[in-house]
Structures are given as structure tokens and as C-alpha cells.
Amino acid sequence: MKCSQTRAIQTHIITYPYLNFHKTLFGGQLMAWLDETAGISAVRVSRAAIVTASVDHLDFLAPLKASHSACIEAYVSGVGTRSIEIFAKIIGEDLLTGDRYLAGTCFMTFVVPKGASLPEKIEPETKEEHFICQGYEARKQVRQAKRQESLALASNVDLDIPWN
Ligand SMILES: CCCCCCCCCCCCCCCC(=O)SCCNC(=O)CCNC(=O)[C@H](O)C(C)(C)COP(=O)(O)OP(=O)(O)OC[C@H]1O[C@@H](n2cnc3c(N)ncnc32)[C@H](O)[C@@H]1OP(=O)(O)O
């Protein structure tokens, strides 16, 4: 399957309900939009009830200002046995001037239920897709090592009620 067949796009206007006290987009709102857009891309490659497993390298590169638009574009950049890596980019646009800027990039991993099937490989076509997809195996190895660290950390986190 080609990257382009998995592409999902959302465009939002940055307006009052989404602003923080800097009058720029609240980062948590951007994360919710990213999860939705990337999730749709993950469903496009799997046609299955995916879950978000992890988000890594969400880099907030530039603030998204009030009255600008934010275009989130996501596509599959690699697949494993049950995991799907999505690359997403967030492009801000000053709608009055047409100036565009990269506001952020992100990799997310979604997991399909046991029994669901994924294509054997993802085919990049554009220069950007080739660049992003070629790093998949290295990123997956890092992620697997981080997951072991995370599981070790979780086994040391206490569940005591915090108000005593
Ligand atoms: C009815 C619905 C219809 C659908 C309609 C369409 C909807 C379209 C729009 C959706 C847009 C919104 C999307 C929001 C989706 C949520 O909001 S989901 C809610 C938030 N997420 C969760 O609650 C997930 C909670 N965690 C879990 O359930 C489990 O820990 C997981 C993530 C499924 C892993 O389970 P597991 O069975 O222990 O995994 P395991 O067998 O060890 O590994 C399986 C694969 O996952 C990878 N993996 C596991 N954990 C991680 C990790 N933390 N990081 C990276 N990779 C990992 C492994 O490396 C392995 O990869 P492969 O070698 O198979 O490629």
C-alpha cells in the first residue's frame, strides 16, 4: 500500500475555544486533533479498531497563532506485525498573507487487535515520504527499548491514594 492511500488531513481555524493564555493554540488541543487524524490514517491501512499505543517526538516547533489555520497531515510511515507508525506534520498558515510555517512534527504508534491484518510494506512515493519511511526500522528499535524502560518504570509506580 502507498503512503498516499493512508493520508488523512484535518484543517482547523485557531479561534477562541482553543487558545491558551499566550493567545496561541493550546498544546493539548493539538494533541487531540493529532490523535484523531493519525487514528484515521491507521484505520485506512488496517480497516480495524486500532488503539493509540504511544506518541513520540511530538515537537512543537512554532506557536499556532489566533486566526491562523492549522493543517494536520498524517500518513503511515511503517508497519510491523500489529503496530502502525504514523508520521504527522502540522502546518500553520496566516490566512491573510498565505505565509505557511511548520508548527510541529510527530510520530505516533497505533496497534491493531490480534487477528487483524496489515500490508507487508508501505511504499513511499514523494521525496519526503522516502526520507520519513527510511528511518522506520531504526525508530522502531529505539521505541522497543524505550517500551522496556517504560514497563520497568511502571512496575515501580505506586497506586496509593495521593491525599493521605
Ligand atoms: C469500534 C471502533 C471502530 C473504528 C472506527 C474508526 C475510528 C477512526 C478514528 C479514530 C481516531 C481516534 C483514535 C483514538 C484511539 C484511542 O483513543 S485508544 C485509547 C488510548 N489507548 C489505549 O487505551 C491503549 C492502552 N494500551 C493497550 O491496550 C495495550 O498496551 C497495547 C498498546 C494494545 C499493546 O498491547 P499488547 O497486546 O501488550 O502489545 P504487544 O503484543 O506487546 O505488542 C503488539 C505490537 O504493538 C507494539 N507496541 C506495544 N506497545 C507499544 C508502545 N507503547 N509503543 C509502541 N509500540 C508498542 C509492539 O512493539 C508490537 O509491535 P509489532 O511487533 O506487532 O509490530
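Counting starts at 1 for both ligands and their atoms, in listed order.
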Visitor: For D56, what residues pass the salt bridge (charged side-chain N to carboxylate O under 4.0 Å, His left out) criterion, not counting sequence neighbours?
Guide: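 Scan of D56 (salt bridge (charged side-chain N to carboxylate O under 4.0 Å, His left out), adjacent residues dropped) gives R143.
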Visitor: Mind jotting down which residue pairs meet the side chain to side chain donor-acceptor pair (under 3.5 Å) criterion with at least one end in residues 58-72? Sequence neighbours excluded, please.
Guide: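 Pairs touching residues 58-72 that pass the test: H68-Y101.
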Visitor: Would you name the heavy atoms of A42 and I86 that are closest together and state the gap between them?
Guide: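 A42 and I86 have their closest heavy atoms at N-CD1, 3.8 Å.
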Visitor: Do L61 and L58 land in one hydrophobic cluster if side-chain heavy atoms of ILVMFWY residues count as linked below 4.5 Å?
Guide: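 Different clusters: L61 never reaches L58 through Ile, Leu, Val, Met, Phe, Trp or Tyr contacts under 4.5 Å.
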Visitor: Residues in salt bridge (charged side-chain N to carboxylate O under 4.0 Å, His left out) with E123, at least two apart?
Guide: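 Scan of E123 (salt bridge (charged side-chain N to carboxylate O under 4.0 Å, His left out), adjacent residues dropped) gives none.
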Visitor: Decide yes or no on side-chain contact (heavy atoms from CB on, under 4.5 Å) for R44 and Q5, but give the supporting numbers first.
Guide: CA-CA 8 Å; R44 286 197 167 136; Q5 292 173 284; over 6 Å; no
Visitor: Tell me which residues fall inside the under-4.0 Å heavy-atom shell around ligand 1.
Guide: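 Lining ligand 1 at under 4.0 Å, by heavy atoms, one finds D35, E36, G39, I40, V43, A49, V51, T52, A53, S54, G80, T81, R82, S83, T109, V111, K140, R143, R147.
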